[in-house]
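Report on one structure; see the data block that follows.
In this chain, residues are counted from 1 in sequence order. Computed from heavy atoms alone, side chains included, the values below leave out hydrogens, waters and symmetry copies.
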Amino acid sequence: MSHEHVSYLELLARGAGTEAYDRPVLLARASGAGPEALAELEEAKQLALRVRAELEGRRRREAELSALFATAHDLAGLRDLDAVLRAIVQRARSLLGTEVAYLSLNDPAAGDTYMRVTEGSVSARFQQVRLGMGEGLGGLVAQTARPYVTEDYFEDPRFQHTRTIDAAVRDEGLVAILGVPLSLGSQVIGVLFAADRRARVFEREQVALLGSFAAHAAVAIDTANLLAETRSALAELERANDIIREHSAVIERASEVHDRLSELVLRGGGVHDVADAVSEVLGGTVEFTEAGAGSARRAGGHAVREGDDWVAAVSAGGETLGALVLHGQPDLDPVDQRTLERAALVTSLLLLARRSAGEAEQRVRGELLDDLLDAPDRDRRLLRERAARLRTDSEAPHVVLAARIDRAAGDASEADAGGRESADRQRLWSAASHLAATRHGLASARDGGTVLLLPLGPGESAADLARQTARNLGGTLREPVTVGASAPVRTLLDRPDQVAVAYQEARRCLDALVLLHRSGQGAAAEDLGFLGLLLADGRDIDGFVGRTIGQVVAYDRRRGTELVRTLDAYFASGMSPARTKDELHVHVNTVAQRLERVGRLLGPDWQTPARALEIQLALRLHALSDAVADR
């Protein structure tokens with residue numbers, strides 16, 4: 001075997017590029033080899049190149065088969081349809097060597113096609129585009145159930161070009177596109193695409209490979225639909241079994257609730273203890289409300305059905321004190337109705353027994369909170385003694401909460417509206433006072449609503465406490481109650497003047513929730529993003545920037561990249577990668593790679609309007625902070 005033939009074997013062994021195979025011929029020609037030797041060497045080169053092409057083809061087919069086997073394995077253990085579809089799109093993009101791959105599904109109700117999964121896409125407009133049947137390459141594939149490929153989308157007259165679709169494709173920078181149908185039998189349910197931001201030719205083998213992935217995707221969707229139907233059928237069967245078990249245990253429950261209510265009365269239980277006990281026995285959710293007795297007030301002590309709820313009036317001596325309302329059990333049997341009525345009777349007895357003591361304690365709690373708000377310069381020793389008598393832990397961190405019932409403006413007369421507002425304030429104060437007593441806090445009526453001073457529990461934040469309070473008061477009153485919270489107040493009685501400052505912050509947060517159409521919710525300034533900077537007593541700018549874009553800033557510092565600068569240019573360019581690359585003087589692929597990295601750092605929803613607004617504000621504050629630091 002000649003030295004040149006050995007060279008070709010070495011090139012094949014190390015997988016050299018095609019240009020390396022010309023070197024032995026050039027060396028032989030330079031050394032003066034004769035025509036016969038050169039011809040033999042040229043023949044050996046062509047044979048080596050054919051062997052190399054065959055090896056490359058086998059390696060490619062092995063990679064394709066491996067990806068198909070992996071996809072089939074994913075389908076066998078299908079748990080999350082989105083994860084399987086994303087894996088299919090990622091593998092299609094990798095094996096075809098394209099810059100972008102994406103999958104769309106047909107929407108029979110709307111009569112069009114929408115994006116379901118994208119990989120490599122950086123344009124928000126492109127990710128949200130919808131294609132009518134027959135519009136664009138994808139619309140044509142969905143309509144004809146045949147693969148279509150174009151080397152240059154904008155120069156291809158076969159597709160129905162629309163302004164919306166072309167603008168989205170241009171914004172993503174796509175040029176060459178291949179689309180294959182997702183078919184279940186004769187029905188096309190969507191399209192799988194591979195695309196490049198440059199002109200290229202897709203080979204027949206690549207079209208077939210993408211078609212294989214499309215078949216797997218269609219199976220995944222069909223499997224997920226079947227699983228959903230199976231789960232629904234199982235859920236129906238479980239509900240039927242629950243009904244059978246419930247009817248067989250009805251007498252046992254009646255006996256159990258009688259024993260538990262008797263025990264509650266003997267050990268001095270409260271209204272919510274009765275509601276919890278009956279909730280557990282009846283299998284629904286029972287709550288006590290001071291309003292909402294409705295037709296139950298006229299039912300002579302019997303429980304009545306109102307919609308999907310059951311209501312039993314809580315009354316004594318002709319006075320209606322409220323009602324027990326059972327949710328979640330619309331088909332209540334007669335035995336359980338008697339159970340709810342017995343619980344309402346026990347509740348009325350407990351309320352009457354505790355009304356006098358409760359009113360006195362509520363008055364004392366309100367007076368202490370009023371003093372903290374209006375006269376913080378009073379003797380701290382006396383304030384501490386009064387707090388101790390009310391079992392208020394003055395050393396624990398507390399949160400000031402402003403609560404209010406916010407009704408939509410109606411057609412009621414001014415007098416009627418005034419009477420309703422007065423009644424609302426009284427009911428809210430009563431419910432808030434009860435909540436404060438159970439949590440060893442304070443409550444007082446103020447400024448058309450109620451102010452509460454509640455201790456923070458272990459691991460609890462001001463925002464958690466605000467949401468919990470809104471749910472508790474709203475559930476008790478059967479009305480939406482909006483709650484704004486202050487930042488935690490430390491060492492409550494060392495600086496009593498902090499309580500008044502915190503109350504003003506809580507009121508600003510409450511007003512902001514109403515302006516944001518979030519009535520009926522609870523929140524602290526930290527829940528409101530950049531609005532929290534305006535509402536909080538201290539402006540935590542660094543904390544806001546860190547929570548919003550801190551991961552991107554840290555990545556730039558570690559790697560010396562320019563993700564922050566790219567984000568600035570992207571938003572300044574109207575979120576268009578094509579215009580961003582002109583601003584930064586880089587290739588559009590560089591912009592796409594950077595924005596892909598940003599998406600992995602900030603999460604897939606970073607381009608939604610709300611997130612984008614906060615990110616842009618954080619970028620401005622970060623730039624201002626750097627400018628100040630450089631002075």
Does Thr566 reach the side chain of Val598, with side-chain heavy atoms less than 4.5 Å apart? no

Is a donor on one side and an acceptor on the other found under 3.5 Å between the side chain of Glu172 and the backbone of Val122? yes

Heavy-atom distance under 4.5 Å between the side chains of Val399 and Glu460, does that happen here? no

May I ask you to decide if Gly449's main-chain N or O and Asp447's side chain share a donor-acceptor pair within less than 3.5 Å? no

On a heavy-atom basis, which atom in Leu401 and which in Ala466 lie closest, and how many Å separate them? CD2-CA, 3.7 Å

Drop me the distance from Leu477's CG to Asn472's CG, to the nearest 0.5 angstrom. 9.0 Å

Salt bridge between Asp171 and Arg579, side-chain N to carboxylate O under 4.0 Å? no

Given 3.5 Å as the limit, does a donor-acceptor pair link the side chain of Arg404 with the main chain of Gly448, or not? no

Can Asp82 and Arg116 be said to form a side chain to side chain contact (heavy atoms under 4.5 Å, CB included), step by step? CA-CA 9 Å; Asp82 284 337; Arg116 176 65 183 268; 2.6 Å; yes

Working to the nearest 0.5 Å, report the span between CG of Leu602 and CG of Leu563. 9.0 Å

Give the C-alpha distance, both sets of side-chain angles, the deciding distance and a yes or no for side chain to side chain contact (heavy atoms under 4.5 Å, CB included) between Arg130 and Asp107. CA-CA 10 Å; Arg130 299 182 75 101; Asp107 184 346; 2.9 Å; yes

Shortest non-hydrogen pair, Ala396 vs His398, comes out as O-ND1, 2.7 Å

Inter-residue atom distance Leu454.CG - Gln468.CD, 0.5 Å rounding: 9.0 Å

Under the side chain to side chain contact (heavy atoms under 4.5 Å, CB included) rule, what do Arg508 and Gln504 come out as? Steps first, then yes or no, please. CA-CA 6 Å; Arg508 291 195 298 270; Gln504 295 305 318; 4.0 Å; yes

Sub-3.5 Å donor-acceptor pair from the side chain of Arg439 to the main-chain atoms of Pro455, do we have one? yes

Is there a side chain to side chain contact (heavy atoms under 4.5 Å, CB included) between Leu584 and Arg565? Walk through the geometry before answering. CA-CA 9 Å; Leu584 298 176; Arg565 181 167 171 253; 3.8 Å; yes

4.5 Å side-chain heavy-atom contact, Val100 and Thr118: no

Where is the tightest heavy-atom contact between Thr482 and Gly520, given as atom of each residue plus distance? OG1-N, 2.8 Å

Derivation and outcome, salt bridge (Lys or Arg N to Asp or Glu O under 4.0 Å), residues Arg559 and Asp556: CA-CA 5 Å; Arg559 304 292 183 89; Asp556 275 353; over 6 Å; no

Do Phe571 and Ile615 have side-chain heavy atoms sitting under 4.5 Å apart? yes

For the residue pair Tyr503 and Ser486, establish whether any side-chain heavy-atom pair is separated by less than 4.5 Å. no

Residues which pass ring-ring contact (aromatic ring centres under 6.0 Å, His included) with Phe126, listed by chain and number, not counting sequence neighbours: Tyr102

Within-4.5 Å side-chain heavy-atom neighbours: Glu505 and Val501: no

Can you give me the closest heavy-atom contact between Ala436 and Ala443, atom names plus distance? CB-CB, 3.8 Å

If you round to the nearest 0.5 Å, how far is CG of Leu85 from CD of Glu119? 12.5 Å

What residues, two or more places apart in sequence or in another chain, satisfy salt bridge (charged side-chain N to carboxylate O under 4.0 Å, His left out) together with Arg600? Glu596

Nearest heavy-atom approach of Ala431 to Thr476 is CB-CG2, 4.1 Å

Any side-chain heavy atom of Leu473 within less than 4.5 Å of one from Glu479? no

Give a yes or no answer on whether the side chain of Thr469 reaches the backbone of Leu465 with a donor-acceptor pair at less than 3.5 Å. yes

Can you tell whether the side chains of Asp424 and Arg427 come within less than 4.0 Å, N to carboxylate O? yes

More than 12 heavy atoms from other groups under 6.0 Å of CZ on Arg163: no

Can you tell me how far the OG1 atom of Thr285 sits from the CG atom of Leu326, to the nearest 0.5 Å? 8.0 Å

Value for NZ (Lys581) from OG (Ser573), rounded to nearest 0.5 Å, stands at 11.0 Å

Any side-chain heavy-atom pair from Glu287 and Arg478 closer than 4.5 angstrom? yes

Ala506 versus Ala402, closest heavy-atom pair with distance: CB-N, 3.8 Å

Taking ring-ring contact (aromatic ring centres under 6.0 Å, His included) as the cut-off, I'd like each qualifying pair that reaches into residues 445-481, sequence neighbours left out, listed once. none

Within the distance-only criterion (no hydrogens, no angle test), does the side chain of Gln127 pair as donor or acceptor with the backbone N or O of Ser121 below 3.5 angstrom? yes

